Amino acid sequence: MALTPMDIHNKQFAKGFRGYDEDEVNEFLDQVIKDYETVIREKEELFSKVNELEERLNHFSNIEETLSKSILVAQESAEELKRSSKKKSRSLSLKSLRKTLIALLTMLFRNRVRLR
């Protein structure tokens, strides 16, 4: 289990003959506590930022997926429109050709009838 700032603060050291200067140790521990609290706070902020960025990434991934699907639908619609236009074009061409042939045959028939 990780140490907490309170664990560091509450740590008691046994005193021995010719031990460390108690004030110096306490000052050092105070600095360790302060730095440790800063590290913990920064860690929490970074975790929060990572979560926020993951949410944004998911949001943009959903948008990307939606756009990809929309592009596919648009491409399919364009292909269908293209096929339909070609079909209508052929149909109109056949109708025009039929009308022209009828007109030509009619003219030929009238001219033939006149020639006799």
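All values derive from a computational prediction rather than experimental measurement.
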Participant: My understanding is that only residues two or more places apart in sequence, or in another chain, count here; which of them pass side-chain hydrogen bond (donor to acceptor under 3.5 Å, both in side chains) with D30?
Facilitator: none
Participant: Quick one: side-chain hydrogen bond (donor to acceptor under 3.5 Å, both in side chains) pairs with a partner in residues 57-76, sequence neighbours left out?
Facilitator: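 Checked against side-chain hydrogen bond (donor to acceptor under 3.5 Å, both in side chains) - neighbours excluded - the pairs reaching residues 57-76 are E65-K69.
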Participant: Taking only residues two or more places apart in sequence or in another chain, which ones pass salt bridge (Lys or Arg N to Asp or Glu O under 4.0 Å) with E54?
Facilitator: none
Participant: Within a reach of under 6.0 Å around CD of E24, are more than 12 heavy atoms found that belong to other residues, nucleotides or ligands?
Facilitator: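 Open.
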Participant: Taking only residues two or more places apart in sequence, or in another chain, which ones meet N10 in a side chain to side chain contact (heavy atoms under 4.5 Å, CB included)?
Facilitator: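 With sequence neighbours excluded, N10 shows a side chain to side chain contact (heavy atoms under 4.5 Å, CB included) to M6, given in chain and number order.
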Participant: List, by chain and number, the other hydrophobic cluster members for L67, where Ile, Leu, Val, Met, Phe, Trp and Tyr join if side-chain heavy atoms come within less than 4.5 Å, directly or indirectly.
Facilitator: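 For the cluster that includes L67, the remaining residues are F60, I63.
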Participant: Applying salt bridge (Lys or Arg N to Asp or Glu O under 4.0 Å), name anything that partners R83, two or more places apart in sequence or on another chain.
Facilitator: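 Per chain and number, R83 pairs via salt bridge (Lys or Arg N to Asp or Glu O under 4.0 Å) with E80.
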Participant: Taking only residues two or more places apart in sequence, or in another chain, which ones meet E52 in a side chain to side chain contact (heavy atoms under 4.5 Å, CB included)?
Facilitator: K49, R56
Participant: Quick one: which of I33, V32, L29, N26 gives a side chain to side chain contact (heavy atoms under 4.5 Å, CB included) with H9?
Facilitator: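 That would be I33; it is the only one of I33, V32, L29, N26 passing the side chain to side chain contact (heavy atoms under 4.5 Å, CB included) with H9.
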Participant: For Y20, what residues pass the side chain to side chain contact (heavy atoms under 4.5 Å, CB included) criterion, not counting sequence neighbours?
Facilitator: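 Checked Y20 against side chain to side chain contact (heavy atoms under 4.5 Å, CB included); matches are V25.
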Participant: Who else is in the cluster with L81 when I, L, V, M, F, W and Y are joined by side-chain contacts under 4.5 Å?
Facilitator: none
Participant: Between K34 and Y36, is NZ or CZ placed under 6.0 angstrom from the six-membered ring centre and within 45° of the ring axis?
Facilitator: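 The answer is no; the distance or angle limit is not met.
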Participant: Filter on salt bridge (charged side-chain N to carboxylate O under 4.0 Å, His left out), then keep only pairs touching residues 38-47, sequence neighbours left out; what's left?
Facilitator: none
Participant: Using 0.5 Å steps for rounding, measure from the CD atom of E79 to the OG atom of S77.
Facilitator: 10.0 Å
Participant: Could you grab the distance from atom CZ of F28 to atom CD1 of I8, nearest 0.5 Å is fine?
Facilitator: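 The CZ atom of F28 sits 9.5 Å away from the CD1 atom of I8.
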Participant: According to side chain to side chain contact (heavy atoms under 4.5 Å, CB included), who are the partners of D7, at least two apart in sequence or on a separate chain?
Facilitator: L3, T4
